Protein chains: 2
Amino acid sequence: MREQDCDVCEQLCEHPQSICLAKAEMLSDDAVHELAETFKILGDSTRIKILHALSKRELCVCDIVAVVQMGQSAVSHQLRLLRGSRLVKYRKEGKMVWYSLDDEHISLLLSQGIEHIAHR
Amino acid sequence: MREQDCDVCEQLCEHPQSICLAKAEMLSDDAVHELAETFKILGDSTRIKILHALSKRELCVCDIVAVVQMGQSAVSHQLRLLRGSRLVKYRKEGKMVWYSLDDEHISLLLSQGIEHIAHR
DNA sequence: CCAACGTATGAATAATTGTTCATGTATTAA
DNA sequence: TTAATACATGAACAATTATTCATACGTTGG
């Protein structure tokens, strides 16, 4: 989209071209929503601990419980959310369920976040 | 830390070495909290829209209002949160305040997230 | 089959969060 | 100075969320 394609109507403080371009480039509602959902899932201390632990090695649920020091039920609820956002995957082995990060994206997202907070 | 450094006490389903290693590698409470806070801020549709728009160009508040189509007050509140997490920076020019992403990390975080949701 | 273990889930509650409304502050122009 | 504009903020309310408790499910060993 070229800047010229944007209607230019003079109005108070607004900058119509910027607004029009920004609207044109906007992500779809679905994408925005899914993105927000994903980050929302990342936005919890318990889940960050779980993900960070899983970024090093596969763990079964009761190991995760021991690592993050929360109740088994609470951990299971969080794991469900993490599965729902495809941030973790799992495999069953008898009674146990082994969790790991869904792919390397997730590790990258985490490190990117760690870099952000490290930068001051 | 070597695996051998970990106490190995037999216990139900737990894998003491994994647990011990995971605990040793754990992020500090502060880091975990700050990381979670940062992602939590990213985890809202309105703020995603704002950040995505700002990833293309600097915008003043009333442009942002027009782009995300929310009340000025709501946008201001969200901008405050974004400033608080150092996700955006701003400069004043007369009556207007121009916002932009704080640094390239933020863009990367966004694209990383977009890649994640794109991967199905 | 039964009991025990590892994990998942529904309901309830407490805490957190987003938006709106009303109002406040800072800057500019008249 | 006054009025208008651009933006920020406090309080209140509705909506969402995390944890706990109780219980259910699925697998294994006896």
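Quantities reported herein were computed from a predicted structural model and do not represent experimental measurements. Only heavy atoms go into these numbers, but all of them, side chains included; no hydrogens, no water, no symmetry mates. Chain naming here is simple, since letters A, B, ... match the order of the sequence lines and numbering starts at 1 in each.
For DNA chain C, the residues of residues 70-78 of chain A within the heavy-atom distance limit of 4.0 Å (strictly under) are A:Gln72, A:Ser73, A:Ser76, A:His77, sorted by number. Looking at residues 87-100 of chain B, you'll see B:Gly94, B:Lys95 sit with a heavy atom under 4.0 Å from some atom of DNA chain C. Taking every heavy atom of residues 37-44 of chain A and every atom of DNA chain D, pairs under 4.0 Å involve A:Lys40, A:Asp44, by number.
When hydrophobic clusters are built by joining Ile, Leu, Val, Met, Phe, Trp and Tyr residues whose side-chain heavy atoms come closer than 4.5 Å, directly or via intermediates, B:Met70 is grouped together with B:Leu81.
Under 4.0 angstrom from either OP1 or OP2 of C:dT7 there lies no side-chain N or O belonging to A:Arg83. Look at B:Arg47 and you'll find a side-chain N or O under 4.0 angstrom from OP1 or OP2 of C:dG18.
Heavy atoms of B:Ile64 sit nowhere under 4.0 angstrom from any nucleic acid atom.
In this structure, A:His105 and B:His116 have perpendicular ring planes: the angle between them is above 60°, well past the 30° mark.
A salt bridge links A:Glu25 with B:Arg57: the closest approach of a Lys/Arg side-chain nitrogen to an acidic carboxylate oxygen falls below 4.0 angstrom.
As a member of the Ile/Leu/Val/Met/Phe/Trp/Tyr network built from side-chain separations under 4.5 Å, B:Leu108 groups with nothing else and remains a singleton.
In this structure, A:Lys49 places its NZ atom 14 Å from P of D:dA18, rounding to the nearest Å.
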Please tabulate, one pair per line, all N/O donor-acceptor pairs under 3.5 Å involving side-chain atoms of residues 41-52 of chain A, not counting sequence neighbours.
{"residue": "A:Asp44", "atom": "OD2", "partner": "A:Thr46", "partner atom": "N", "Å": "3.1"}
{"residue": "A:Asp44", "atom": "OD2", "partner": "A:Arg47", "partner atom": "N", "Å": "3.1"}
{"residue": "A:Arg47", "atom": "NE", "partner": "A:Ile41", "partner atom": "O", "Å": "2.5"}
{"residue": "A:Arg47", "atom": "NH1", "partner": "A:Gln78", "partner atom": "OE1", "Å": "2.7"}
{"residue": "A:Arg47", "atom": "NH2", "partner": "A:Lys40", "partner atom": "O", "Å": "3.3"}
{"residue": "A:Arg47", "atom": "NH2", "partner": "A:Ile41", "partner atom": "O", "Å": "3.4"}

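Every residue meeting the side-chain hydrogen bond (donor to acceptor under 3.5 Å, both in side chains) condition with B:Glu93, not counting sequence neighbours, appears here in chain and number order: B:Arg91.
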